[in-house]
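Here is the naming used below: chain letters follow the sequence lines, and residue numbers restart at 1 for every chain.
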Amino acid sequence: MKTGIRAIMARTLRELAGRPLYWYAIIVLPLLLFVFLTSELKEGLPAKAPAAIVDKDHTSLSRRVTSTLDGMQMVSLTKECDSYSQAMQAMRRGEIFGFFLIPENYEADLLAGRSPVVSFYTNMTYFIPGTMLYKNFKTTAVYTKAGVVMNVVQSATGATSEEVTPVINPVNISAHPIGNPWLNYAYYLAVSFIPGVLQLMIFLVTAYTICEELKRGTSVRLMRMARGSVVRAVCGKMLPQTLIWWAIALFMQSWMYAYNHFPCYGSMPWITANTLLFVVASQGFALFVCCCLPNLRLALSIGALTGILSFSLGAFSWPVSEMYGAVAIFTWIIPVRYYFLNYITLSLDAMPLYYSRYYFAAYFIFILAPLPMLWRLKKAWLRPVYIP
Amino acid sequence: MKKLLHIISVFFRSLTEVYARELRSLVKDQGVVLFFLFLPLAYPVIYSLIYNKELVRDVPVVVVDHARTSDSRDLVRKFDASQGARIIGYASDLDEARRAINEREAFAIMEIPADYSRAIGRTEQAQVQLYCETSLLLRYRALLFSATEVSLDIGAELQARGLKEIGVSSMSVDDPMPVVAAQLGNLQSGFDSFIMPGVLILILQQCIVLAVGMMGGGRNERIMLGQRPVFATGSTLITLAGRALCYITILALPIIWLTHFVPIIFRFPMMGDSLQIFEFLLPVVLSSIALGFIVQIFTSEREAIFIIWVATSVLFLFLSGLTWPRYAMAPVWKVLSDLIPATWGVNGFILMNANGASLTDIEPLYRNLWILTAVYWAIAWAAHTIVLRLRIRRARLRQP
């Protein structure tokens with residue numbers, strides 16, 4: 001039997017290449033999800049949301065409202081309903097995500113100053129279409145109203161439209177989204193979910209390769225190959241995986257920034273360092289779990305649990321400041337959280353490196369964390385027990 | 001007639017036999033019990049707790065006020081009082097404000113121009129800039145909503161003042177066209193109430209596939225080690241049906257928890273009729289079990305199911321149309337999403353639970369779900385029959 005770290009590395013490579021499961025876990029599934037997440041979110045913002053108009057007035061004024069609505073960027077009037085209940089039913093069937101209601105005698109009431117009530121309804125259980133429709137419905141209502149007020153003022157005073165406009169909207173607060181002026185959804189979701197997928201697969205594969213030795217009882221031989229040194233054994237098992245994951249991670253990075261042109265205003269070497277360290281940090285996290293719980297199923301369960309919860313605890317969409325304290329502390333123990341923070345500071349906001357210092361330091365804590373616990377893994381590897 | 005009775009009795013006997021054997025081995029298997037019971041109990045609670053505050057409130061904002069007048073202070077005060085924003089202080093210029101952003105003390109800068117009051121006094125439009133950091137869309141959304149609200153609010157105030165100046169009494173244009181906006185299903189349009197009801201169904205499907213896959217992996221593992229597979233009467237369909245019945249028994253508890261108690265605890269919308277929801281969930285559960293049976297074929301050992309299946313949750317979450325509407329999907333992904341039980345389950349459950357749809361309202365959806373169930377069962381049955389035959393042949397070859 002050959003011993004030494006090189007022999008162990010060769011053994012690890014044979015193991016990884018020999019099982020379809022690893023090909024699936026390291027290459028097929030991550031790449032499928034990378035492609036899926038970017039291609040699904042490619043448009044950035046979803047196309048027009050299906051909505052209905054309930055026009056009970058049928059006058060030229062109400063038709064003008066309808067055509068304004070139809071011209072809105074995010075509304076697609078797919079249905080015309082005669083009544084509230086009909087529109088409501090379409091909503092319950094999931095055919096539309098909102099509707100705009102113009103009451104009977106709208107025009108007549110308006111001209112007579114009887115203040116007709118215009119209403120709109122949005123289905124907020126579907127967040128994106130609901131919000132989109134809400135925004136466009138509201139704009140339509142405000143425009144229509146402004147036009148009405150303007151008419152009233154003009155007819156009362158004879159003032160010109162230039163004179164009247166600022167009075168209607170005297171303070172204009174214009175919001176400027178810095179970094180992502182397109183407000184492109186893909187830049188948020190893909191950039192955080194793709195590394196999240198990578199982290200999850202690193203957790204699972206690391207736990208599987210480390211603890212499978214216990215299940216099959218091959219760890220005794222592994223320790224003999226390492227001449228009794230658990231560090232040598234772990235390095236021999238992890239280093240080939242690190243190299244493979246680095247290849248995948250670099251592909252991920254070029255897939256996002258080079259091929260799909262996600263915004264990146266920072267320096268590429270540091271962004272690359274971020275990607276590479278993130279991979280090793282994820283391995284460190286998984287290794288730490290394996291050392292604490294040297295049991296295949298438990299290590300995989302913890303890896304799966306944290307890996308999946310990372311998509312929420314990574315605070316990609318929901319800010320940490322709005323989580324309960326007891327929940328928020330868990331955001332600190334997740335490698336992909338630091339990847340995301342580094343992405344924001346380095347690429348999106350393009351801040352000086354100074355502001356990423358803690359995030360980079362955190363990676364090293366993850367990488368070093370398993371060291372003090374390796375003795376537990378050694379004990380387990382020398383006397384492997386399999387608990388199903 | 002006698003023959004028919006005999007067949008029926010044999011059928012039921014073998015079915016109960018499979019059922020009892022599966023139940024016994026399931027209860028003894030910690031890993032599977034974890035998937036069937038612990039996961040659906042714990043996951044929704046953890047998830048709901050993360051998003052439980054529902055709305056992003058009081059995003060810290062730093063102000064650069066070049067005007068420093070009572071009007072500009074009034075604007076800042078109003079913005080501070082709004083739901084989405086909180087003023088953390090004034091900065092002397094944009095550079096200082098930018099430092100506050102870099103230090104993550106604030107996430108937006110409000111810049112008020114020097115001629116703010118003058119513009120208002122002259123009935124010109126005053127331009128206020130709000131620079132937002134965009135790492136999180138929800139923060140931007142909160143600020144945007146507050147900004148619109150404040151600008152309309154001040155607008156209305158100044159309008160009354162201004163119109164009086166041009167000589168229109170404010171009464172005649174008080175509110176010529178009141179607008180009422182209703183947000184349905186999710187009354188305060190909170191994030192938790194939006195995402196969780198759908199995720200509950202996704203959790204249900206994933207737990208079922210994971211548990212069923214793990215059972216199958218264990219079985220495959222033992223067969224690899226030389227144990228002969230046990231089948232009650234040699235009929236694959238009866239075996240699969242018996243097992244499915246056993247899983248449904250175990251699942252009753254988690255389903256009630258997921259669809260009834262979790263929404264009560266976290267105050268999610270609950271408009272649906274519980275019995276109709278259970279009726280709707282039956283094909284979701286059945287097709288998920290069949291999906292699990294299919295996945296079993298590829299699960300070489302118990303723990304492999306983690307690697308095979310866990311990451312698909314991300315895929316299914318997006319395919320369900322919960323975060324990304326289905327009408328905006330590329331055709332390939334739409335077809336794929338049609339094939340996933342959770343897609344139908346999530347959408348049907350949301351419509352019933354949050355929008356108060358009845359089973360007849362979502363009849364086409366419910367029908368598709370049953371078709372999907374039938375297809376999945378047919379595939380599962382065929383796949384298991386083929387695998388069983390291959391195994392028997394291999395066993396014969398080994399022992400001539």
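- The part of A:L200 that comes within reach of chain B is its side chain, from C-beta onward, which places non-hydrogen atoms under 4.5 angstrom from that chain.
- Between B:Y116 and A:V171 the shortest side-chain heavy-atom distance falls below 4.5 Å.
- Heavy atoms closer than 4.5 Å to chain A are found nowhere in B:L39, neither backbone nor side chain.
- With a threshold of 4.5 angstrom between heavy atoms, B:M214 approaches chain A through side-chain atoms but not through N, CA, C or O.
- Only the side chain of A:Y134 comes within less than 4.5 Å of a heavy atom of chain B; its backbone N, CA, C and O stay farther away.
- For the pair A:Y355/B:E103, a side-chain contact is recorded, criterion being any heavy-atom separation below 4.5 Å from C-beta on.
- With a threshold of 4.5 angstrom between heavy atoms, A:A49 approaches chain B through its backbone and through its side chain.
- Contact annotation for A:R19: only side-chain heavy atoms (C-beta onward) come within less than 4.5 Å of a heavy atom of chain B.
- From A:H176, atom NE2 reaches atom OG1 of B:T134 across 13.0 Å, with rounding to the nearest 0.5 Å.
- For a residue to count as touching a neighbouring chain, one of its non-hydrogen atoms must lie under 4.5 Å from one of that chain's; by this rule A:K48 touches chain B with the backbone only.
- Between B:F191 and A:W318, the angle of the ring planes stays under 30°, which puts this pair in the parallel group of the 30/60° scheme.
- Smallest separation of non-hydrogen atoms from A:M323 and B:K53: O-NZ, 3.9 Å.
- For the set A:L305, A:V142, A:V320, the entry with the most heavy-atom pairs within less than 4.5 Å of chain B is A:L305.
- Annotation: maximal heavy-atom pairing with chain B below 4.5 Å, among A:M201, A:M88, A:Q89, A:M124, occurs at A:M124.
- When heavy atoms are compared at a cutoff of 4.5 Å, B:M329 approaches chain A solely by way of its side chain, counted from C-beta outward.
- Side-chain rings of B:F194 and A:Y126 stay apart, their centers remaining 6.0 Å or farther from each other.
- Scanning both residues, B:I307 and A:L29, for their nearest heavy atoms gives O-CD2, 4.0 Å.
- Heavy atoms closer than 4.5 Å to chain A are found nowhere in B:L143, neither backbone nor side chain.
- Taken from CD in A:E322 to CG in B:D192, the straight-line distance is 12.5 Å, to the nearest 0.5 Å.
- You'll find the ring centres of A:Y24 and B:F298 outside the 6.0 Å limit.
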CA sep, side-chain torsions, deciding dist, call: A:R93, B:E363, salt bridge (Lys or Arg N to Asp or Glu O under 4.0 Å)
CA-CA 9 Å; A:R93 284 184 181 150; B:E363 205 244 307; over 6 Å; no
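- Summarising the geometry, atom CD1 belonging to A:I308 is positioned 5.5 Å from atom OH belonging to B:Y43; distances are rounded to the nearest 0.5 Å.
- Considering all non-hydrogen atoms of both residues, A:R92 and B:G356 come closest at CD-O, 3.3 Å.
- Among all heavy-atom pairs drawn from A:I128 and B:T323, the shortest one is CD1-O, 2.7 Å.
- Of the listed residues (B:V150, B:T312, B:L55), the one with the most heavy-atom contacts under 4.5 Å to chain A is B:L55.
- With rounding to the nearest 0.5 Å, the separation of CG in B:L130 from CG in A:N172 is 11.0 Å.
- Using a 4.5 Å cut-off between heavy atoms, B:A181 contacts chain A through both its backbone and its side chain.
- Contacts between A:Y106 and chain B at a heavy-atom distance below 4.5 Å involve the side chain alone, from C-beta outward.
- In this structure, the side chains of B:L184 and A:M91 come closer than 4.5 Å at one or more pairs of heavy atoms.
- Within the 4.5 angstrom heavy-atom criterion, no atom of A:F330 approaches chain B.
- The shortest distance between side-chain heavy atoms of A:F36 and B:L336 does not fall below 4.5 Å.
- Interface residue B:L144: only side-chain heavy atoms are found under 4.5 Å from chain A.
- Between B:E301 and A:E212 there is a side-chain heavy-atom pair separated by less than 4.5 Å.
- For chain B, the nearby part of A:L189 is the side chain; its heavy atoms alone come within less than 4.5 Å.
- Put simply, the side chain of B:Q129 reaches to within 4.5 Å of the side chain of A:S174, judged on heavy atoms.
- At a threshold of 4.0 Å, the pair A:D349-B:R98 does not count as salt-bridged, since none of the basic side-chain nitrogens sits closer than that to a carboxylate oxygen.
- Contacts with chain B were tallied for A:V197, A:L298, A:V205, A:L296; A:L296 has the most, counting heavy-atom pairs under 4.5 Å.
- Neither the backbone nor the side chain of A:L133 comes within contact range of chain B, judged by heavy atoms closer than 4.5 Å.
- Inter-residue side-chain proximity for B:V179 and A:T144 is flagged as unmet; no heavy-atom pair is nearer than 4.5 Å.
- One distance of note links CE of B:M196 with OG1 of A:T125; it measures 15.0 Å at 0.5 Å rounding.
- Applying the 6.0 Å contact sphere to CD of B:Q30 captures no more than 12 heavy atoms from other residues, nucleotides or ligands.
- Heavy atoms closer than 4.5 Å to chain B are found in the side chain of A:L33, but not in its backbone.
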A:Y324/B:I50 under side-chain contact (heavy atoms from CB on, under 4.5 Å): CA gap, chis, key distance, verdict:
CA-CA 7 Å; A:Y324 296 121; B:I50 293 176; over 6 Å; no
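- Expressed to the nearest 0.5 Å, how far CD1 of A:I178 lies from CD1 of B:I101 amounts to 5.5 Å.
- Most heavy-atom pairs under 4.5 Å with chain A, from the set B:V59, B:L319, B:L137: that is B:L137.
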Apply the test side-chain contact (heavy atoms from CB on, under 4.5 Å) to residues B:F306 and A:S301: give CA-CA distance (whole Å), side-chain angles for both, the deciding distance (0.1 Å), then the verdict.
CA-CA 8 Å; B:F306 281 99; A:S301 299; 3.4 Å; yes
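- Between chain A and the options B:F79, B:Y131, B:F145, B:F318, heavy-atom pairs under 4.5 Å are most frequent for B:F318.
- Residue contact with chain A, scored on non-hydrogen atoms closer than 4.5 Å, involves the side chain of B:I46 exclusively.
- Taking the six-membered ring for Trp and thresholds of 30 and 60 degrees, B:Y327 and A:F97 have ring planes inclined between 30 and 60 degrees apart.
- For B:S193, no part lies near chain A; criterion is any non-hydrogen pair under 4.5 Å.
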side-chain contact (heavy atoms from CB on, under 4.5 Å) between A:S39 and B:W333, intermediate numbers included:
CA-CA 9 Å; A:S39 90; B:W333 303 123; 2.6 Å; yes
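- Contact of A:Y208 with chain B is made through the side chain alone, with heavy-atom distances under 4.5 Å.
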Hey, mind stepping through A:K138 and B:L152 against side-chain contact (heavy atoms from CB on, under 4.5 Å) and telling me if it holds?
CA-CA 12 Å; A:K138 185 156 189 176; B:L152 288 177; 4.3 Å; yes
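- For A:S192, no part lies under 4.5 angstrom from a heavy atom of chain B.
- Only the side chain of B:I120 comes within contact range of chain A, with at least one heavy atom under 4.5 Å from a heavy atom of that chain.
- Between B:R139 and A:P319 the shortest heavy-atom distance is NH2-CB, 3.6 Å.
- Smallest separation of non-hydrogen atoms from A:I173 and B:A147: CD1-O, 3.7 Å.
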